[in-house]
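I am attaching a structure below and will ask some questions about it afterwards.
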There are 2 protein chains.
Amino acid sequence: MNRKVLVLYELSRRFENGVDHILLSSSDAGRLLGISQQSACRYINELERDGLIKKTRSGQKQRIEITENGINLLREIYLDLKNFFEYKYKYKQKLSMEGRIITGIGDGAYYIKEYAEKLKERIGINPFYGTLNVKIDRMPFKIEKYSIGVIEEFREKNRIFGRIRYIPATISGDGWSEDCFIVLPERTHHKDEVEIISEKNLRREFGLKDGDKIRVDILL
Amino acid sequence: MNRKVLVLYELSRRFENGVDHILLSSSDAGRLLGISQQSACRYINELERDGLIKKTRSGQKQRIEITENGINLLREIYLDLKNFFEYKYKYKQKLSMEGRIITGIGDGAYYIKEYAEKLKERIGINPFYGTLNVKIDRMPFKIEKYSIGVIEEFREKNRIFGRIRYIPATISGDGWSEDCFIVLPERTHHKDEVEIISEKNLRREFGLKDGDKIRVDILL
DNA sequence: ATTACTAATGGACGAGTAT
DNA sequence: TATACTCGTCCATTAGTAA
């Protein structure tokens with residue numbers, strides 16, 4: 001297994017949703033990979049020679065696509081790792097966070113109402129029109145990586161509703177536990193806060209108030 | 001991103017279901033990685049120094065475990081790739097095949113019975129002692145790539161049972177759908193046919209007969 | 001058989017530079 | 001600004017061995 005796949009992987013990380021190429025100079029690539037512009041250039045050319053990417057010029061930058069062979073190579077690794085985490089590696093720890101309930105900015109209800117239909121389509125729940133905001137004591141690194149889906153930005157009633165990600169989780173408190181989803185607004189995401197949606201009005205259902213201790217477990 | 005993760009990845013591929021370590025000599029590792037015994041030895045020691053694996057001696061071989069840091073590193077890559085394939089890379093998330101039910105060679109029942117115990121261990125299902133054979137209209141390229149595991153050749157009652165691969169999938173027909181596995185015997189694999197196993201007797205359960213139209217979706 | 005050291009060497013790397 | 005060539009340097013790799 002050659003070092004080139006690492007370069008291919010690093011390139012794949014730079015892809016945006018639904019866009020089949022990236023624009024990148026060889027200096028950018030070098031910075032991205034922690035190597036010189038010259039080496040990055042060499043790697044990119046080798047990847048092209050190997051038929052793993054296709055590059056064309058697009059103004060000053062290079063337009064880089066991953067070819068079917070490249071995709072297959074990445075997929076092979078993906079499936080191996082998937083196999084490892086979902087079947088072989090038995091100690092699937094849940095990623096746990098602890099924190100306290102806080103009051104959010106208050107328009108959660110309005111927002112969830114707009115997103116509700118799309119959420120129902122995607123994850124099959126009829127969310128309660130409101131979010132439960134939890135301030136996390138020690139936030140794990142990059143929880144957005146655990147998201148299982150994205151709702152793309154959309155316009156409604158002349159307003160823009162930004163892209164959100166969602167993560168399946170369970171929320172639990174003193175003697176109760178409930179399946180839920182963490183929603184991560186891409187723009188206004190506070191680093192140490194998560195917003196929880198659920199089919200239930202969690203505050204009412206479990207008699208929660210600000211400051212109550214809460215645990216949130218992401219299901220890996 | 002260092003070359004070491006490739007070594008870690010290659011090690012992870014060698015893990016068996018539910019076993020938290022592998023037994024491996026440095027020569028084995030070298031062969032596995034396509035490098036010399038010396039380099040493999042050096043890499044393994046570096047991985048240990050970096051806290052990504054833990055090694056102990058177990059007789060002649062080394063017993064290698066992946067530490068929590070190592071797991072986290074692999075998981076980061078896994079989640080990146082998952083993100084790539086499930087959200088960024090828009091083309092074919094499910095791999096769909098259409099075909100028609102045919103009658104297999106008839107000893108599927110006997111075979112599955114022998115493989116059943118191993119299948120149960122690996123994928124947690126109690127397969128019905130029989131396969132449903134489907135002749136696929138247009139077979140996608142190399143579906144064996146999507147297999148999540150292998151049952152190695154074994155001897156039983158003086159017969160050799162060859163290596164098979166299995167792929168999680170759903171099978172669906174007119175108004176019904178069921179989780180299943182595609183099994184691919186490595187030797188006698190007809191290019192345009194798949195054998196389906198499931199916990200249910202699919203023919204009886206859904207009233208299927210030869211010629212019925214069927215869709216099989218591989219879950220990527 | 002192992003693991004793993006040292007020393008020789010081949011290949012990757014980046015500085016300099018042409019285009 | 002780019003990309004990408006040449007080439008000297010140095011690091012990774014391996015052969016030879018020791019333990």
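Chain A is the first sequence line, chain B the second, and so forth, proteins listed ahead of strands; every chain is numbered from 1.
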- [ ] Would you indicate, yes or no, if C/dC13 has its OP1 or OP2 atom less than 4.0 angstrom from a side-chain nitrogen or oxygen of A/Arg42?
- [x]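 True: A/Arg42 side-chain N/O within range (under 4.0 Å) of C/dC13 OP1/OP2.
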
Open item on the list: Taking atom CZ as the centre, does A/Arg14 end up with more than 12 heavy-atom neighbours from other residues, nucleotides or ligands that are less than 6.0 angstrom away?
Closed with: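 For A/Arg14, atom CZ is not crowded (no more than 12 foreign heavy atoms under 6.0 Å).
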
Open item on the list: So if I take residues 43-54 of chain A and measure heavy-atom distances to DNA chain D, which residues fall below 4.0 Å?
Closed with: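 Listed by number, they are A/Asn45.
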
Task: Bounds of contact between DNA chain D and chain B, in 5' to 3' order, using a heavy-atom cut-off under 4.0 Å - done: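 Here the contact window of chain B covers D/dT13 to D/dG16.
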
Open item on the list: Between B/Gln37 and B/Asp28, is there a side-chain heavy-atom distance shorter than 4.5 Å?
Closed with: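 Counting from C-beta outward, B/Asp28 and B/Gln37 never come under 4.5 Å.
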
Open item on the list: Rounding to an integer number of Å, can you tell me how far B/Leu23 CG sits from C/dA1 C1'?
Closed with: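 Value for this atom pair: 16 Å.
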
Open item on the list: Rounding to an integer number of Å, can you tell me how far B/Arg31 CZ sits from C/dT3 C1'?
Closed with: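 B/Arg31 atom CZ is separated from C/dT3 atom C1' by 15 Å.
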
- [ ] Would you kindly give the CG-to-P distance between A/Leu33 and C/dG14, to the nearest whole Å?
- [x]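 Roughly 10 Å, once rounded to whole Å.
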
TODO: Mind checking B/Ser39 for me? I need base, sugar-phosphate or nothing, with any heavy atom below 4.0 Å counting as a touch.
DONE: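 Base contact.
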
Task: From A/Ile182 atom CD1 to A/Ile196 atom CD1, the distance as rounded to the nearest 0.5 Å - done: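 With rounding to 0.5 Å, CD1 (A/Ile182) is 5.0 Å from CD1 (A/Ile196).
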
Open item on the list: Within the 3.5 Å criterion, strictly below it, is a donor on A/Asp179 or A/Thr170 matched to an acceptor on the partner's side chain?
Closed with: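 Checked: A/Asp179/A/Thr170 side chains show no N/O donor-acceptor pair below 3.5 Å.
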
- [ ] For B/Gln62 and C/dT2, give me the distance from atom CD to atom P, rounded to whole Å.
- [x]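 The answer, rounded to whole Å, is 11 Å.
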
Task: Counterpart base for C/dT19, defined by Watson-Crick or G-U wobble contacts under 3.5 Å - done: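 Its partner is D/dA2.
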
- [ ] Classify the angle between the aromatic ring planes of B/Phe85 and A/Tyr78 as parallel (below 30°), tilted (30 to 60°) or perpendicular (above 60°).
- [x]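 It falls in the parallel class, under 30°.
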
TODO: Please determine if B/Glu48 and B/Lys54 form a salt bridge, counting it only when a charged side-chain N lies under 4.0 Å from a carboxylate O.
DONE: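 No.
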
Open item on the list: Tell me the interatomic distance from B/Asp28, atom CG, to C/dA4, atom P, rounded to whole angstroms.
Closed with: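 The distance from CG of B/Asp28 to P of C/dA4 comes to 14 Å, rounded to the nearest Å.
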
Task: Electrostatic pair B/Asp80-B/Lys82, nearest N-O below 4.0 angstrom - done: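 No, this pair does not count.
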
TODO: Evaluate the criterion side-chain contact (heavy atoms from CB on, under 4.5 Å) for residue pair A/Glu10 and A/Leu6; output intermediate values, then yes/no.
DONE: CA-CA 6 Å; A/Glu10 287 292 346; A/Leu6 284 178; 5.6 Å; no

Task: Atom pair distance, as rounded to whole Å: CD in B/Gln38 and C1' in C/dA7 - done: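 For the pair B/Gln38 CD and C/dA7 C1', the rounded distance is 12 Å.
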
Open item on the list: Using side-chain heavy atoms (C-beta onward) and a distance below 4.5 Å, is B/Ile151 in contact with B/Arg163?
Closed with: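 Not touching, per the 4.5 Å side-chain cut-off.
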
